[in-house]
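Step one of this worksheet: look at the structure below.
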Amino acid sequence: MVFSSFTFIYLFLPLCLLCYWIFPKAKRNLVLLAFSLLFYFWASPEVVFILIASSFLDYWLSGRFEQTGRKAFITFGVVFNVLLLCYFKYANFFVDQINFSLESVGVSPIGWLHIALPAGISFFTFEKISYLIDVYRKTARVAKSFPNYLLFTSLFPHLIAGPILKYHDLAEQIESRIQKSGDFFAGWTRFCLGLAKKVLIADEVGKIADNIFAISSSELTTPFAWLGIIAYSIQIYFDFAGYSDMAIGMARMFGFKFIENFNSPYSAQSMTDFWKRWHISLTNWMREYLYIPLGGNRVNSSRLYLNLVIVFCASGLWHGASWTFLCWGLLHGIFLIIDRLAWLKISAKLPKIFNVSLTYIIVLMTWVLFRSENFTMAGAYYQNLFDFSELNFYLANKSNSEIIHSRGIWALAIGLCFSFLPAANGFLNFAKKFWSIFPMKNLMVGIASLTLLILATLSLVESGYSPFLYYQF
């Protein structure tokens, strides 16, 4: 069950909201917990018990090392969660690499039953680790009860694909939250906006990207290669940002306030700026629980650059068990090193439009690795991007209408506009001033949100099931 499905939008969510508001305040957390576990059982029925059991272990351990201060408890808790993630996410990859090596020397491969990846395990594992570390550091207190902690780990708006939250950010909201009159309306409109981003833009543009990436390298021309990677950049941004909007909106309906996860990343003027805007909750987690413990900025330059490489390689592997993801992360780490060495000082003297364009092109080049299944596929795609002998807009064995459809082009144009308009000088200030004098704001927002919901619903009727890209991580 995904957020952009009829079952979720018109059955699960309304039923959950109805039960939530019918029950007295003292029971509402239990209602949310029951629906959250049902949601995860629907997504990964064989793993929901692992989530519950591992969460109980976290809760028990946090009480022990708060009382005793012994490092053995925190070490065991963190290592256990890391090993659990490694088993489910990386065991297949590790065995595949061993078998490849064995086959290359003529040895029979290891027999192995591939393990299914539980939905959202990368996200909730990081949240569980942050809880243990924060309690050990005394920056967060032990959860008042196991149901409270389990609600934190399993709360369905952020369970599958974030944002990655810290327990102390939600602890007070779980124990006692005050819901203002406008929270439900604000949450509902944010949910509709996120649904529209996903269904009306990401899914439509994604059809173009998928069609182009499916073309053989011998048939793909340079213009189509550029169109494909630009389309993919819009697809992954609006898909993930749409999910985050839906998660933040749903949480707001229940009185929770989540952190923002995106801030116009394609308007960034450097790769350092990009990572302050893209997947903000992951960036914050990596900085606080990996980069700073490695020494952060308090070390010499060589060690600092090594820390950046380690952090971004870890970020790449967090996204997926593949050499291409590792290389994607490594490249981002290298570009951040270049920023620190000289580029941030140089770019400060250059026009904003140049910095934004160059940063976007770099991001596009790294998205090729992120989208490709292996280095062979990525290498062939890079070759097509820069093979300027093929500058025609026609393919040998396909018509353009098979690859590109009008709704996809309109969605791509809208996506590009909303991605880059924030980079225009004065645009945000103009938008804020215009909105401040706009009459009947709530009425217009309500009508616009309802319109987006109807359009998204009609699109879902036509296209059917479409999972979020980040569900695979």
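A quick note: this is a predicted structure, and the numbers were derived from the prediction, not measured. Only this structure's heavy atoms are used, side chains among them; waters, hydrogens and symmetry mates stay out.
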Handout entry: K144 atom NZ: more than 12 heavy-atom contacts under 6.0 Å
Key = no

Exercise for the section: Measure from the side-chain N and O atoms of Q269 to the backbone N and O of S347, and report whether any donor-acceptor pair falls under 3.5 Å. Expected result: no

Problem - Side-chain touch V47/I121, heavy atoms, less than 4.5 angstrom - result: no

Problem - Backbone N/O of A456 and side chain of S459: donor-acceptor pair under 3.5 Å - result: no

Exercise for the section: Give a yes or no on whether the backbone of M365 and the side-chain of Y382 come within a donor-acceptor separation of less than 3.5 Å. Expected result: yes

Problem - Verdict with reasoning, Y243 to F3, per ring pair (Phe, Tyr, Trp, His ring centres under 6.0 Å) - result: CA-CA 8 Å; Y243 176 94; F3 291 171; 4.8 Å; yes

Practice task
Report yes if some heavy atom in the side chain of F124 is under 4.5 Å from a heavy atom in the side chain of F152; otherwise report no.
Solution key: no

Problem - Nearest non-hydrogen partners of I164 and I259, listed with the distance - result: O-CD1, 4.1 Å

Practice task
Would you check if there is a donor-acceptor pair between the side chains of S55 and T153 at a distance under 3.5 Å?
Solution key: yes

Exercise for the section: Indicate, with yes or no, if the rings of F312 and W318 have centres closer together than 6.0 Å. Expected result: no

Practice task
Without swapping roles, check the side chain of Y40 against the backbone of L159 for a donor-acceptor pair under 3.5 Å.
Solution key: no

Practice task
Could you check T139 against H168 for side-chain hydrogen bond (donor to acceptor under 3.5 Å, both in side chains), going step by step and ending with a plain yes or no?
Solution key: CA-CA 8 Å; T139 56; H168 60 77; 5.0 Å; no

Practice task
Please work out whether the ring planes of W278 and F274 are parallel, tilted or perpendicular, with thresholds of 30° and 60°.
Solution key: parallel

Problem - Min side-chain heavy-atom separation H279-S315 under 4.5 Å - result: no

Problem - Y20 side chain vs F254 backbone, donor-acceptor pair below 3.5 Å - result: yes

Handout entry: Residues S281 and N261: side-chain donor-acceptor under 3.5 angstrom
Key = yes

Practice task
Run the numbers on K197 and D245 for salt bridge (Lys or Arg N to Asp or Glu O under 4.0 Å), then give the verdict.
Solution key: CA-CA 9 Å; K197 284 182 177 180; D245 284 338; 2.7 Å; yes

Handout entry: Side-chain donor/acceptor of S357 to backbone N/O of F354, under 3.5 Å
Key = no

Problem - Backbone of N384 reached by a side-chain donor or acceptor of T222 within 3.5 Å - result: yes

Practice task
Report yes or no: does W367 contribute a side-chain atom to a donor-acceptor pair with the main-chain N or O of Y232 at less than 3.5 Å?
Solution key: no

Practice task
Determine, using ring centers only, whether W328 and F325 are less than 6.0 Å apart.
Solution key: no

Handout entry: Test item: K276 and N263 side chains (from C-beta on) under 4.5 Å apart, heavy atoms
Key = no

Problem - N/O donor-acceptor pair under 3.5 Å between Q235 side chain and V205 backbone - result: no

Problem - Atom CZ of F49 with >12 non-hydrogen neighbours under 6.0 angstrom - result: no

Practice task
Would you check if Y381 and L220 make a side-chain contact, meaning some heavy-atom pair closer than 4.5 Å?
Solution key: yes

Exercise for the section: Measure from the side-chain N and O atoms of D183 to the backbone N and O of K180, and report whether any donor-acceptor pair falls under 3.5 Å. Expected result: yes

Exercise for the section: Could you verify whether a donor N or O on one side chain and an acceptor N or O on the other, from Y149 and D58, lie under 3.5 Å apart? Expected result: yes

Problem - Whether over 12 other heavy atoms sit under 6.0 Å from F23 CZ - result: no

Practice task
Give the minimum heavy-atom separation between A116 and P118, together with the two atoms involved.
Solution key: O-CD, 3.3 Å

Exercise for the section: Decide if atom CG of L18 counts as having more than 12 heavy atoms of other residues, nucleotides or ligands within a radius under 6.0 Å. Expected result: yes

Practice task
Classify the side-chain pair S62/Y131 by whether it contains a donor and acceptor separated by less than 3.5 Å.
Solution key: yes

Handout entry: Neighbour count above 12 (heavy atom, 6.0 Å) for W226 CH2
Key = yes

Handout entry: Heavy-atom side-chain proximity of L308 to H332 below 4.5 angstrom
Key = no

Practice task
Please determine, by modelled atom types, if T324 and S322 share a side-chain donor-acceptor pair under 3.5 angstrom.
Solution key: yes

Handout entry: Parallel, tilted or perpendicular: ring planes of F256 versus F258, cut at 30 and 60 degrees
Key = tilted

Problem - Donor-acceptor pair between Y167 and N148 side chains, under 3.5 angstrom - result: no

Exercise for the section: Please lay out, stage by stage, how R141 and E175 fare under the test salt bridge (Lys or Arg N to Asp or Glu O under 4.0 Å). Expected result: CA-CA 13 Å; R141 63 181 186 274; E175 293 165 11; 2.6 Å; yes

Exercise for the section: Could you tell me how the ring of F420 sits relative to the ring of Y360: parallel (under 30°), tilted (30 to 60°) or perpendicular (over 60°)? Expected result: perpendicular

Exercise for the section: May I ask you to check whether over 12 heavy atoms, not counting those of I178, lie within 6.0 Å of atom CD1? Expected result: no

Practice task
Side-chain contact test, heavy atoms from C-beta onward, threshold under 4.5 Å: evaluate it for L458 versus I454 and give yes or no.
Solution key: yes

Handout entry: Test of ring centre spacing under 6.0 Å for F418 and F238
Key = no

Problem - E204 side chain near H405 side chain, heavy-atom distance below 4.5 Å - result: yes

